[in-house]
Chemist: 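Following this message is one structure expressed as structure tokens.
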Amino acid sequence: MTEPNRLTPHGVPDHQPAAGGIAARARAAVTPQYLSGLNPEQREAVETLDGPVLVLAGAGTGKTRVLTCRIAHILSQGRARPGEILSVTFTNKAAREMKLRLGQMLGHAVEGMPWLGTFHSIAGRILRTHAELVQLKSNFTVLDVDDQIRLLKQLLQADNIDDKRWPARMLAGLIDGWKNRGLMPSQVPAGEAAVFGNGRGGKLYALYQERLKILNAADFGDLLLENIRLFREHPDVLRNYQNRFKFILVDEYQDTNVAQYLWLRLLAQAPSSSTSPRLRGEVELRSNSGEGDSPRVEPVERAPHPDPLPVREKIVAPASPPKNICCVGDDDQSIYGWRGAEVDNILRFDHDFPGAKVIRLERNYRSTGHILAAASHLIAHNEGRLGKTLRTEDVDGEKVTVTGAWDSEEEARAIGEEIEELQRAGHKLNDVAILVRASFQMREFEDRFVTLGLPYRVIGGPRFYERAEIRDALAYLRVINSPADDLAFERIVNVPKRGLGDATVQMLHDHARKRRIPLSEAARAVVETDELKPKARGALRDLIASFDRWRAQSEVTLHTELAEIVLDESGYTEMWQKDRSADAAGRLENLKELVRSMEEFENLQGFLEHISLVMDREGGAEDDAVSLMTLHSAKGLEFDNVFLPGWEEGLFPSQRTLDEQGRAGLEEERRLAHVGLTRARRRAKLYFATNRRIHGTWSTTIPSRFLDELPAHNVEITESKGGSGWGGSGGYGPSRFDNVEAFGSSYTTPGWQRAQANRARGQGGRGGGFDERQSPFSSGRGDTGGFSRTKRAPMTIEGELVAKSTGTTSEFSLDDRVFHQKFGYGRVVKIDGNKLTIAFEKAGEKKVVDSFVERV
DNA sequence: CGTCCATTAGTTTTT
DNA sequence: CTAATGGACG
């Protein structure tokens, strides 16, 4: 119906012929062609080159187009050369897409943008050029998560910390969190450092950093953090970059964490003459907290909303002309808060960059009216937002559908059938996506699709370079390239099996530590002694000889050939060829792919430097298949038909997020729902199941509150097409539980009984309706403020009761032994109306509402 | 040193 | 219920 309008909203030349470079075009017309296709707001965002600009770009409003056009504009106006534009994205995919689009727009006039890339790749690149200044060598290794954990395990062992009680994984998470917040070991608040390993968390962080330096390695967080340190300790280096970058562009600004923010801030400061007070401020800040364990002077109080750098306001004097920085983002699509992203960064942009111009892009070119209205109405329930109103000129289209299913199996069956129906109606499977909250939901769909013979592909999952076989292969190459890479050496010393087990490795470690030499060197020495059993000694000798041989060959052989030789001679390929398991063939295929991908790089060194940062596999999208992915990985994508299963309390919004992040968590979940809905161009279909198996046991669920928050006018309740259903009733709506009731007396499962009990206890006969303002189902419910609803199962946020059930006093008494679905068994220690404080045997003390526990 | 069984935990994910 | 990890045994 509206195809033409949707595809090229304003005749925007998405695939402009590459002919006649920008210069020609600029000369030819008053309005260059790349500008003529933009709407007024987009155009303003592109043409406002001076000073700070914040572009609030809602879903589907042409964000990437604005960014690329802006770059084209800067170049064609002669305001900067390609090498003077810093343009950062979060993912390689986004960076690649921008490069591609720029190429299309500019033809071959520009030989790439050297400073267009991800935060990490650009920071890493800067770091490599000045590695010595931060105690690294320019060929430092970027550790993957696996190496990181192994290194931490070693530290824990050396410190005699029970890694059962204090898992290395947890410490890795903490350190990552600190790095995300831009905190060096000395800056970690004492209280936080103490939570790990009986107060040794901070010390371990410091030890870990020390070890990294010895190993000539950096983890992902370091790429930014060490870069920040570099800039702070060496103002001359910083000034060099400040001068170089005339324009800074940032994509997905809502996802920046504190470290990225600080990094940007440093670069965005106006380049200053040598003795700028601002710069001195920066330096002093550093020298205060200095290296080693000098007393920490700078203030780091960071509650409740952490100010990344309290001294900041003094550092950046608003007086100086602000840098030309343009950040593009959408606060409503911030879904990575749990990973350290600070929505705050976008919310306070004009505070940080005084005089910033804020431009809103609100014209949506993607979705139909109903979908957009549903998404907008839903997200309007969030409090902490800058506020945008998306609008479309598209037709209303089909209403968003909500379908209830008996259980997750039926949900999968129903969606499967709908997809087949779409297929029969001539839709491409490539235009269909299923977006789930959590990956465990995918299984059911995969099972179903396999039965149906419906082609599908899973997006996301383990990344290419995270696969064991890829990391093993890389480890071999790393050892060849850098013999001191202990982590790599340790990884492959016994892969494939050579009879060099823990005992041998342990002894190598001892030796290496005593002599302060790398493992491979220790191995060389130990082989000369009789400390090892002849068998192990022989195996180790062979291995060392192999590495010597390969290293010699690497001087004269093409790196791709070398890789083949190594994989072959080490017996690694053979190991997988012998493997009879199902995925062995795929692994061999991946190894081939790895070798193929090496061709893009000059040499081994260059390949290794980039592999961990830019390697991601682009799965063959050639075949027509349904896409199956999490909501998170769907960001930035769009499909004609989007299925959104699992809209149930506890799953979506995720109870865990609510528990851990409270109100902010709920808002983030809601943004996730908003992202999900706005992925759809033509059809958005929501589902909830009444019963779902979680950790193997069935439990009854309640429709998501987000369903209630949809505007009734744009939503249609449909019947499950899955068959067995609930006796063909109207599905979701005021009557649906009644229907179930007639049906359900034959059910005797605990889950069913619990559902009955809950209903009887004044949760009402309705699990929900739509927003009452417009809801045809509403029956005088309370407010819609999100938290104090009455017909909703009580939910707790941060242990606080956010939804009251009835006002009656509790039927529980002190010391009662109770059972809670989530927390298990416990004892009542305090009663406050219907709020109980219970000491759970496993989960500790929690405040819960009485209707969620039963006496046992 | 390697294999097999038991125990345990169990969102979201980029770089 | 499953996948992954760790400990005990051969």
Side-chain angles (χ1 to χ4, degrees), chain A residues 88-95 117-124 142-145 148-149 153 163-164 167-170 173 176 179-180 218-225 252 255-257 259-260 334-341 408 435-444 459-466 468 494 496-506 532-533 535-536 539 610-616 629-636 646 650-661 665 668-669 671-673 675-676 692-699 822 824 842-843:
Chain A
V88 281
T89 63
F90 275 82
T91 62
N92 291 306
K93 202 174 146 203
T118 62
F119 274 101
H120 294 268
S121 66
I122 289 174
V142 178
L143 294 192
D144 59 44
V145 189
Q148 213 179 333
I149 304 268
K153 264 198 186 133
D163 66 349
K164 198 112 190 198
R169 208 158 261 295
M170 181 184 177
D176 213 49
K179 289 187 174 177
N180 282 158
D219 63 21
F220 282 115
D222 279 343
L223 294 178
L224 280 153
L225 194 56
E252 306 277 20
D255 286 338
T256 46
N257 60 36
Q260 288 158 338
S334 161
I335 54 176
Y336 285 109
W338 51 276
R339 215 172 61 191
S408 44
L435 312 182
V436 296
R437 172 67 243 266
S439 41
F440 72 80
Q441 293 173 260
M442 291 188 190
R443 191 193 203 99
E444 223 133 7
I459 315 275
R463 328 210 80 245
F464 185 77
Y465 66 86
E466 276 170 12
N494 201 28
K497 302 257 186 297
R498 317 187 158 83
L500 299 169
D502 285 349
T504 313
V505 173
Q506 197 50 54
L532 287 173
K533 284 188 213 130
K535 223 173 149 190
H610 286 279
I611 188 67
S612 49
L613 292 178
V614 296
M615 190 73 186
D616 59 2
M629 68 190 97
T630 63
L631 285 161
H632 282 91
S633 39
K635 194 165 81 160
L651 177 60
F652 190 34
S654 147
Q655 183 59 50
R656 187 154 162 187
T657 300
L658 261 39
D659 289 345
E660 287 169 8
Q661 320 280 342
E668 182 152 312
E669 293 283 303
R671 290 193 290 269
L672 203 48
V675 166
R692 192 171 289 275
R693 197 165 43 182
I694 298 164
H695 306 334
T697 44
W698 286 95
S699 43
K822 180 166 180 282
K842 296 250 167 65

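Just so we're on the same page: letters track the sequence lines, and every chain starts at 1. Every value quoted in this text rests on a predicted model; they were computed, and no experiment measured them. What you see below is based on every heavy atom in this structure, not just the backbone, and it leaves out hydrogens, waters and symmetry mates.
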Chemist: Between C1' on C:dG6 and NZ on A:Lys153, what's the gap in Å once rounded to a whole number?
Modeler: 10 Å

Chemist: For a quick check of understanding: with a heavy-atom distance under 4.0 Å over all strands, which category does A:Leu500 fall into, base, sugar-phosphate or nothing?
Modeler: sugar-phosphate

Chemist: What's the closest nucleotide to the side chain of A:Asn92 if the choices are B:dT15, B:dT13, B:dT12?
Modeler: B:dT15

Chemist: Parallel, tilted or perpendicular for A:His632 and A:Trp338, by the 30°/60° rule?
Modeler: perpendicular

Chemist: Which of these nucleotides, C:dG6, B:dT13, B:dT3, is closest to any side-chain atom of A:Lys164?
Modeler: C:dG6

Chemist: So, does A:Thr504 get its side chain near the phosphate of B:dC1, meaning an N or O under 4.0 Å from OP1 or OP2?
Modeler: yes

Chemist: Output yes when at least one side-chain N/O atom of A:Thr630 is less than 4.0 Å from OP1 or OP2 of B:dT13, else no.
Modeler: yes

Chemist: Please classify the nucleic acid contact of A:Thr118 as base, sugar-phosphate, or nothing, using heavy-atom distances under 4.0 Å.
Modeler: sugar-phosphate

Chemist: Ignoring the backbone of A:Thr91, work out which of B:dC1, B:dT13, B:dT15 is nearest its side chain.
Modeler: B:dT15

Chemist: How many angstroms lie between atom CG of A:Leu435 and atom NZ of A:Lys635, to the nearest 0.5 angstrom?
Modeler: 14.0 Å

Chemist: Rounded to whole Å, please give me the gap between NZ in A:Lys635 and P in B:dT15.
Modeler: 12 Å

Chemist: When you compare B:dT12 with C:dT5, how far apart are their P atoms, in angstrom units rounded to a whole number?
Modeler: 16 Å

Chemist: Using OP1 and OP2 only, check whether a side-chain N or O of A:Asn494 sits under 4.0 Å from B:dC1.
Modeler: no

Chemist: Look at all strands and tell whether A:Asp502 reaches a base, only sugar-phosphate, or nothing, counting heavy atoms closer than 4.0 Å.
Modeler: sugar-phosphate

Chemist: Let me spell it out: for each of A:Gly696 and A:Gly501, pick the nucleotide of DNA chain B with the closest heavy atom. Which residue's pick is nearer the 5' end?
Modeler: A:Gly501

Chemist: Report the distance from atom CG of A:Leu224 to atom CG of A:Asp219, rounding to the nearest 0.5 Å.
Modeler: 10.5 Å

Chemist: Given atom CG of A:Asp255 and atom P of B:dT12, what is their separation to the nearest angstrom?
Modeler: 18 Å

Chemist: Just checking A:Ala536: base, sugar-phosphate only, or nothing, at a heavy-atom cut-off of under 4.0 Å?
Modeler: nothing

Chemist: Touch check for A:Arg443, heavy atoms < 4.0 angstrom, all strands: base, sugar-phosphate only, or nothing?
Modeler: sugar-phosphate

Chemist: Measuring from the side chain of A:Ala438 (C-beta onward, heavy atoms only), which nucleotide among B:dT15, B:dC1, B:dT12 has the closest atom?
Modeler: B:dT12

Chemist: Starting the side chain at C-beta, find the nucleotide from B:dT15, B:dT14, B:dT3 nearest to A:Lys497.
Modeler: B:dT3

Chemist: Are A:Thr89 and A:Glu252 close enough that some pair of their side-chain heavy atoms sits under 4.5 Å apart?
Modeler: no

Chemist: A:Arg339 side chain: which of C:dC1, B:dT15, B:dT14 is closest?
Modeler: B:dT14

Chemist: Return the stacking result for B:dG10 and A:His695: yes when the ring centres lie under 5.5 Å apart and the planes under 30°, no otherwise.
Modeler: yes

Chemist: Just verifying a value: how many Å separate A:Arg498 CZ and A:Thr504 OG1, rounded to the nearest 0.5 Å?
Modeler: 12.0 Å

Chemist: Taking CZ from A:Phe220 and C1' from B:dT13, how many angstroms apart are they, rounded to a whole number?
Modeler: 12 Å

Chemist: Check whether A:Arg671 reaches the backbone of A:Ser334 with its side chain - one donor and one acceptor, N or O, closer than 3.5 Å.
Modeler: yes

Chemist: Provide, to the nearest angstrom, the distance between the CZ atom belonging to A:Phe119 and the C1' atom belonging to B:dT13.
Modeler: 17 Å

Chemist: Would you call A:Phe90 stacked on B:dT15, i.e. ring centres under 5.5 Å apart with the planes less than 30° off parallel?
Modeler: no

Chemist: Assign A:Glu466 to base, sugar-phosphate, or nothing according to its heavy-atom contacts below 4.0 angstrom with the strands shown.
Modeler: base

Chemist: To the nearest Å, give me how far apart CE (A:Met442) and C1' (B:dG10) are.
Modeler: 16 Å

Chemist: Answer with base, sugar-phosphate or nothing: what part of the nucleic acid does A:Glu669 contact at a heavy-atom distance below 4.0 Å?
Modeler: base

Chemist: Quick one: does A:Asn494's side chain get under 4.5 Å of A:Val505's, heavy atoms only?
Modeler: no

Chemist: When the distance from CZ of A:Phe440 to C1' of B:dA9 is rounded to whole Å, what number comes out?
Modeler: 14 Å

Chemist: Under 4.0 Å, counting only non-hydrogen atoms across every strand here, what does A:Asp144 touch: a base, just sugar-phosphate, or nothing?
Modeler: nothing

Chemist: What is the distance, to the nearest angstrom, from the CD1 atom on A:Ile459 to the P atom on B:dT13?
Modeler: 12 Å

Chemist: A:Ser633 side chain N/O closer than 4.0 Å to the phosphate oxygens (OP1, OP2) of B:dT12?
Modeler: no

